[in-house]
Structures are given as C-alpha cells and as structure tokens.
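Heavy atoms only: backbone and side chains are in, while hydrogens, waters and symmetry mates are out. Count residues from 1 along the sequence.
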Amino acid sequence: MRFEIMRLDDVDGLAVDSTVVDAASVNRIVQHAAATGQRVYIRPAAATAS
C-alpha cells in the first residue's frame with residue numbers, strides 16, 4: 001500500500017509539499033517529523049489505473 005504524506009505549514013496548516021511513499025517508509029518519515037517538530041498529514045494514495 002502507498003501513502004501520500006504532506007508536510008504542513010506551521011502558520012496556517014496548508015500543505016507545503018507532498019510525496020507518495022510505500023508503507024515501509026511511513027514510520028521513518030513520521031519519526032523524522034516528530035523529532036524535528038514538523039506537522040504532517042498522511043492519507044492512502046489514490047490508486048492509479050493501469
């Protein structure tokens with residue numbers, strides 16, 4: 001499963017940038033965000049039709 005992770009602005013909470021990662025990478029990114037005080041929003045990534 002893939003997830004979209006958006007980094008949020010500290011002032012207004014709007015998404016500054018986003019990336020799509022696999023499930024194995026989510027924990028590492030969340031740990032980094034917690035250690036640095038970043039706000040992130042995580043949601044399942046939309047499946048692409050193939």
Side-chain angles (χ1 to χ4, degrees):
M1 181 168 205
R2 299 186 58 79
F3 294 89
E4 179 180 17
I5 300 178
M6 292 173 273
R7 188 169 51 94
L8 303 177
D9 182 74
D10 290 333
V11 176
D12 57 17
L14 295 176
V16 176
D17 59 25
S18 69
T19 187
V20 175
V21 298
D22 61 359
S25 299
V26 173
N27 185 48
R28 179 182 50 82
I29 292 170
V30 169
Q31 292 295 324
H32 180 265
T36 60
Q38 290 181 338
R39 294 172 36 181
V40 294
Y41 177 75
I42 303 169
R43 66 181 179 189
T48 57
S50 35

Self-check item: Test side-chain hydrogen bond (donor to acceptor under 3.5 Å, both in side chains) applied to R28 - qualifying residues, sequence neighbours left out
Solution: none
Quiz prompt | Partner set under side-chain contact (heavy atoms from CB on, under 4.5 Å) for D17, not counting sequence neighbours | solution = R7
Practice problem: For D22, check side-chain contact (heavy atoms from CB on, under 4.5 Å) against everything at least two apart and list the hits. | Solution: R2, A24, S25
Quiz prompt | H32 NE2 to Q38 CD distance, which is reported to the nearest 0.5 Å | solution = 6.0 Å
Quiz item: What pairs with R39 under salt bridge (Lys or Arg N to Asp or Glu O under 4.0 Å), at least two apart in sequence or on another chain?
Solution: none
Self-check item: I29: hydrophobic cluster co-members (side-chain, 4.5 Å)
Solution: M1, F3, I5, V21, V26, V30, V40, I42
Practice problem: Share the residues that join V16 in a hydrophobic cluster, the rule being Ile, Leu, Val, Met, Phe, Trp or Tyr side chains under 4.5 Å apart at the heavy-atom level. | Solution: none
Quiz prompt | Nearest non-hydrogen partners of V20 and A45, listed with the distance | solution = CG1-CB, 3.9 Å
